[in-house]
Amino acid sequence: MADNRYDAIVVGARCAGSPTAMLLARRGHKVLVVDRATFPSDTVSTHLLHPPGVASLRRWGLLERLTATGCPPIGTYAFDFGPFTISGAPGTDDTPVAYGPRRTVLDKLLVDAAAEAGAEVREGFTVTEVVVSDGRVTGVRGHGRDGGTVTEQARVVVGADGRHSSVARAVGPEQYHEKPPLLCGYYSYWSGLPMGGRFETWVRPDRAFAAWPTHDDLTLVIGGWPYAELEANRDDIEGNFLAMLELAPAFAERLRAATREERFVGTAVPNHFRRPYGPGWALVGDAGYRLLAGVPRPSGRG
Ligand SMILES: Cc1cc2nc3c(=O)[nH]c(=O)nc-3n(C[C@H](O)[C@H](O)[C@H](O)COP(=O)(O)OP(=O)(O)OC[C@H]3O[C@@H](n4cnc5c(N)ncnc54)[C@H](O)[C@@H]3O)c2cc1C
């Protein structure tokens, strides 16, 4: 292993990969982190950062950078189940609030922190192959946007390459607690929908939706229905989305007075855990496990 160029190569530089690269580099390891994306850029995901996530940013010395971006704090969570609502502060004395930072902002902040820690960051670099020698992962092969293929070696390759992880595909880890997609979720952003520092969610039979504030005075609203309804509803996402909100009439009224600023984005993902380590490799973030909860079924329907 003496001629390995890196201690670790991290594939994927978003919220799992960049902190992994940053923490390894801070401990003095020689780290390469690559991503086929360039930053800042968005990804298909909403972005509520619960207080434990905020606590991580604080521990890493990055929280002030996030608050400096003007991201509004969220001091109250409210769960409206129809007949009753549970609400309260989500955090602890140390980390009292949540945030809803756009991934364009959060991921860029994390990539920059990895670079500052000494990790070599290669954006626009696609890994096409995981190199295996004598049953052990020894590196990756890939190319930058100029197309030239290069091979890089490391003692450990970390797959932080999301739910379609090519590192996981290459190493074939044991997969367990598998569940098919249970929910399809859609979201967009509205202006003129102030949340007053609240994350609000509404839970109804076969439907659930939530709203919280993010950057630029926008509010994210996400909602969804059972995966079984994907086909039936896919030709009119907006109509079905707005009909769903009528299950909470006061919120529907608030949304009618607001302006949608972006297109609807949606997805449905399967759920699984994967054994996250093996000879010369590890998986972090969605590459290792992926859970997106279903919506509640009316009682008696399982
Ligand atoms: C609709 C939806 C809503 C969600 N809402 C929330 C939420 O509110 N709060 C929350 O905490 N989580 C939420 N999640 C989950 C969250 O999106 C993921 O857990 C998180 O993005 C995982 O981060 P990651 O870094 O593991 O992977 P990703 O964010 O998927 O990043 C993987 C990176 O790897 C790169 N990559 C992949 N393959 C290669 C390759 N071959 N070569 C080079 N680079 C590669 C990609 O370009 C990408 O940048 C949501 C997910 C969905 C789908």
Side-chain angles (χ1 to χ4, degrees), residues 9-22 32-54 56-57 74 77 90 98-104 106-108 110-111 114 121-130 140-145 149-150 152 157-170 181-189 199 201 208-214 220-225 227 237 264-274 276 282-295:
I9 295 173
V10 181
V11 184
R14 291 193 185 271
C15 47
S18 279
T20 302
M22 176 192 76
L32 170 66
V33 53
V34 304
D35 201 303
R36 66 182 166 213
T38 57
F39 299 92
S41 58
D42 213 346
T43 184
V44 177
S45 174
T46 64
H47 35 79
L48 183 64
L49 189 58
H50 295 289
V54 177
S56 296
L57 289 182
I74 298 168
Y77 281 12
Y99 289 93
R102 293 297 294 250
R103 293 290 296 267
T104 44
L106 179 69
D107 294 355
K108 170 72 174 149
L110 295 170
V111 170
V121 178
R122 233 179 264 176
E123 299 182 26
F125 185 93
T126 301
V127 168
T128 53
E129 191 183 338
V130 174
V140 298
R141 199 161 285 137
H143 58 81
R145 292 197 168 163
T149 297
V150 295
E152 301 290 5
V157 171
V158 180
D161 47 349
R163 58 182 179 268
H164 303 298
S165 170
S166 53
V167 177
R169 209 166 39 245
L182 299 172
L183 161 77
C184 31
Y186 300 89
Y187 64 93
S188 189
Y189 297 86
F199 162 83
T201 187
F209 45 100
W212 64 92
T214 183
L220 184 160
V221 185
I222 182 168
W225 38 80
Y227 187 69
I237 300 300
F264 276 100
V265 177
T267 189
V269 295
N271 307 276
H272 57 248
F273 282 72
R274 293 179 176 135
L283 302 174
V284 297
D286 276 12
Y289 77 101
R290 169 76 252 153
L291 288 175
L292 205 58
V295 294

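It should be emphasised that the depicted structure is a prediction, and the values quoted were computed from it without experimental measurement. First listed ligand is number 1; within each ligand, the first listed atom is number 1.
Every atom of ligand 1 with a heavy atom of His47 under 4.0 Å away is listed here by number and element: 7 (C), 8 (O). The Thr267 neighbourhood of ligand 1 comprises atoms 1 (C), 53 (C), with distances under 4.0 Å to a heavy atom of that residue. Less than 4.0 angstrom separates some heavy atom of Gly285 from each of these atoms of ligand 1: 26 (O). Shown in contact with Gly12 at under 4.0 Å from a heavy atom are these atoms of ligand 1, numbered in order with element: 33 (C), 34 (O), 35 (C). Against a heavy-atom cut-off of under 4.0 Å, Ala160 is close to the following atoms of ligand 1: 32 (C), 33 (C), 34 (O).
Looking at Phe125, Tyr289, Tyr187, Trp212 and measuring to atom 43 (C) of ligand 1, the nearest heavy atom belongs to Phe125. Considering Arg36, His143, His164 only, the shortest heavy-atom separation from atom 39 (C) of ligand 1 involves Arg36. Compare Ala98, Ala16, Gly162, Ala210 by their heavy atoms: the one nearest to atom 27 (O) of ligand 1 is in Gly162.
If you look at Ser166 next to ligand 1, the close heavy atoms, those under 4.0 Å, all belong to the side chain. In Ser165, neither the side chain nor the backbone holds a heavy atom less than 4.0 Å from any atom of ligand 1. At a heavy-atom distance under 4.0 Å, atoms from both the backbone and the side chain of Val127 approach ligand 1. Residue contacts with ligand 1, taken as heavy atom pairs separated by less than 4.0 Å, involve Arg103 solely via side-chain atoms from C-beta onward.
At least one heavy atom of Asp35 lies less than 4.0 angstrom from ligand 1.
Residues forming a side chain to side chain contact (heavy atoms under 4.5 Å, CB included) with Ser56 (at least two apart in sequence, or on another chain): Arg59, Trp60. By the ring-ring contact (aromatic ring centres under 6.0 Å, His included) test, His50 is found to be paired with Tyr77, residues two or more places apart in sequence or in another chain being considered.
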Walk me through whether Val269 and Asp286 qualify under side chain to side chain contact (heavy atoms under 4.5 Å, CB included).
CA-CA 11 Å; Val269 295; Asp286 276 12; over 6 Å; no
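With hydrogens and angles disregarded, a donor-acceptor distance shorter than 3.5 Å links the side chain of Thr128 to the backbone of Arg141. Put simply, the side chain of Thr201 gets close to the backbone of Phe209: a donor and an acceptor are under 3.5 Å apart. A donor-acceptor pair is defined here as one N or O able to donate and one able to accept, closer than 3.5 Å; no such pair exists between the side chain of Arg36 and the backbone of Arg145.
Of all the heavy atoms in Ala160 and Val10, the pair that sits closest is CB-CG1, 4.0 Å. The shortest heavy-atom contact between Tyr189 and His47 is OH-NE2, 2.7 Å.
Taking distance alone, with nitrogen or oxygen atoms compared against 3.5 Å, Thr46 approaches ligand 1 more closely than that limit. Looking at ligand 1, you'll find an N or O of Asp286 within less than 3.5 Å of one of its N or O atoms. For ligand 1, the polar-atom distance check against Ser45 finds a nitrogen or oxygen pair separated by under 3.5 Å.
A donor atom on one side chain and an acceptor atom on the other are not found under 3.5 Å apart for Thr214 and Arg103.
In the displayed structure, Phe273 atom CZ is contacted under 6.0 Å by more than 12 heavy atoms of other residues, nucleotides or ligands.
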